[in-house]
Each structure stands twice: as C-alpha cells, then as structure tokens.
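Below: one structure, written as structure tokens.
What's counted below: heavy atoms across the whole structure, side chains too, no hydrogens, waters or symmetry copies.
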Amino acid sequence: MKILISADMEGATGVTWPGDVLPGTPQWERCRGMFTSDVDAAVLGFFDGGADAVVINEAHWSMRNLLLERLDERAQMLTGRHKELSMVEGVQHGDIDGVAFVGYHTGAGMEGVFAHTYLPNSITGVWLNDVRASEGLLNAHVVAEYGVPVVLVTGDDLACEDALGYAPEALKVAVKDHVSRYAAVCRTPARTAADIRAAAGQAAGLAVRHEPVHGGPFTVAVEFDAEHLAMAVTVVPGVERIGERKVAYTSERMYEGIRTFKAVTTIASAAVEEQYG
C-alpha cells in the first residue's frame, strides 16, 4: 500500500494569520515545526495502518516548507515548485492507493481560517459545475480520475465540513476551530499529532484503488476582485469572460481542468499591482 500526502500549510496546527505561512518570516519559521508535526503524524499513522510507502507532496506557496529532517525516516518527500499536477503531483503514476489532504482549508469566499483558492487574495470565488469549490474539491476530482480515494483530511473544523461534500468516507481531523479568517481556537501540537496519527491508522483501511471516475465535462468559473484580472486571464485558450469580473472554461477531464486553473491563477497573480490589486 502506497499513500500520497498532499500537504498544505494554512490548515496546519496553530496557523491563523499571514505571518504564520509566508516564507521567510519569524512566525513561518516557528510554524514550520507544527506543520511538520501534522504531516509526520499522518506518516506514522499510515505506517501503523499497514502502508508500505508514504510519499509527501509539498503543496504550500514555494513548496519548500516542511522540515525533512524531522520526518519519519520511512517517508519520502517531493519538495519544490513546477509540477504537472501541482498539489496532487504523483497520483498520476498508477502506484498510489490513497491520498491524504493534510493542512487543507476552505475555498475563496467561504467561511474558514485562511479561506482561499490557490491565490491568497484576488479570487473571490471558484465554482465547479456551479458548486462553490475549495482546493480540496478540485483536487478530489483530479485524483478520482486515477482511481484513487481521498482517505484523510485535516484542517480547521470548516475544512473538515467542506470535505464531507467531496470525500464523505474519509477520516477528518480538526486541528482548530474557526473563529474568523485570521483567528481560531487551536489544539496543541501534542494533541493534534495524536489525533492525526490515530485517524491515519484507520484511514489506511480505506486506501483501495477503484475504477477511474471520469465525471466530466467540468466547467470551472472564477470570480476576481478586479475587472482587469478577468481580462488578463482570457489569454489562456478556452477561458472566456462571463461577467465583468468573472471567467469560465470547460474541460472534458479534471487533468486539463486543474492545469488550466493553474495557468489562470498564475497569470492573474502576475497582473496584480502591489497597492491597488
């Protein structure tokens, strides 16, 4: 049994404000340890549950945040940016039996600690076939195309609630309770590590590949906070404006859908001006 952990940071233990997750800040340096603790707890739990291999795909910002030297020696980690499937890189190789979303959060325009979708700001909403979408929902459709189930989700309580919609069978672990976008009631790392490890041990039993699910076509709509961003991203083939600040595109598979989404967000990010957005 081989498990892929997609590790994001905004949903990690103790993380509540931008300085906690922005590389290079003192608080980020501190919070890297708690992020690593969450991920390592999942690693240990999956091995407890019978996994033969666990690979971690770094999925936050620069994708260079986890402390490799603090991970269980049996784990392997894919670190760094520019990957074919971004947050779920590795699922496409045909040897993954289950995926864990560790440190996940709710989507842009939703309630939740650090609620956003790919970009920290600028995007006010994302919809997949008219359903408001988080990164978890988007990525769940990607891994389903490879016949891989999502077996574990960790994050704040609202991220766990969000996961009920895209991975109802998965084990969920809330490491903090939402108060506002930048405030939460946090559990200690010792407690969350124990909770995550126990849940991952159970989740290993759900890691069974199934027939690939091709649920397309997929229409993705993205709403921005400024008109010029909607205009800028239409350079991506197939992306069309459907409103003053909103664009949409349709893909037959989520493989293309997520790659187009990455292109849209990359171009939008480059079009944001420092002060005015």
With sequence neighbours excluded, what pairs up with Asp95 under the side-chain contact (heavy atoms from CB on, under 4.5 Å) test? Lys2, His93
Using the test side-chain contact (heavy atoms from CB on, under 4.5 Å), find all partners of Asn121 that sit at least two apart in sequence or belong to another chain. none
Can you name the salt bridge (Lys or Arg N to Asp or Glu O under 4.0 Å) partners of Arg70, sequence neighbours left out? none
Considering residues at least two apart in sequence or located in another chain, which fulfil the salt bridge (Lys or Arg N to Asp or Glu O under 4.0 Å) criterion with Glu29? Arg32
With distance as the sole test, does Asp156 use its side chain to make a donor-acceptor pair with the main-chain N or O of Lys176 at under 3.5 Å? no
Is the backbone of Thr13 close enough, under 3.5 Å, to the side chain of Asp38 for a donor and an acceptor to pair up by distance? yes
CH2 of Trp17: more than 12 outside heavy atoms within 6.0 angstrom? no
If you draw a 6.0 Å radius around CD in Glu84, do more than 12 non-hydrogen atoms from other residues or ligands fall strictly inside? yes
Other cluster members, [X] - Ile/Leu/Val/Met/Phe/Trp/Tyr, side-chain contacts below 4.5 Å:
X: Met63; result: none
X: Val185; result: Val179
X: Leu22; result: Trp61

Would you list the pairs meeting salt bridge (charged side-chain N to carboxylate O under 4.0 Å, His left out) in which at least one residue belongs to [range], sequence neighbours left out?
range: residues 218-228; answer: Glu227-Arg241
range: residues 200-212; answer: Asp97-Arg209
range: residues 121-148; answer: Glu145-Arg253
range: residues 178-187; answer: Asp177-Arg187

Hey, are the side chains of Tyr255 and Val142 touching, using non-hydrogen atoms and a 4.5 Å cut-off? no
Between Asn57 and Glu89, is there a side-chain donor-acceptor contact under 3.5 Å, judged purely by atom types and distance? no
Using ring centroids (six-membered ring only for Trp), state whether Phe114 and Tyr182 fall under 6.0 Å. yes
Using side chain to side chain donor-acceptor pair (under 3.5 Å) as the criterion, list what pairs up with Tyr118, not counting sequence neighbours. none
Anything under 30° is parallel, anything over 60° is perpendicular, the rest tilted; go ahead and classify Tyr166 against Phe101. tilted
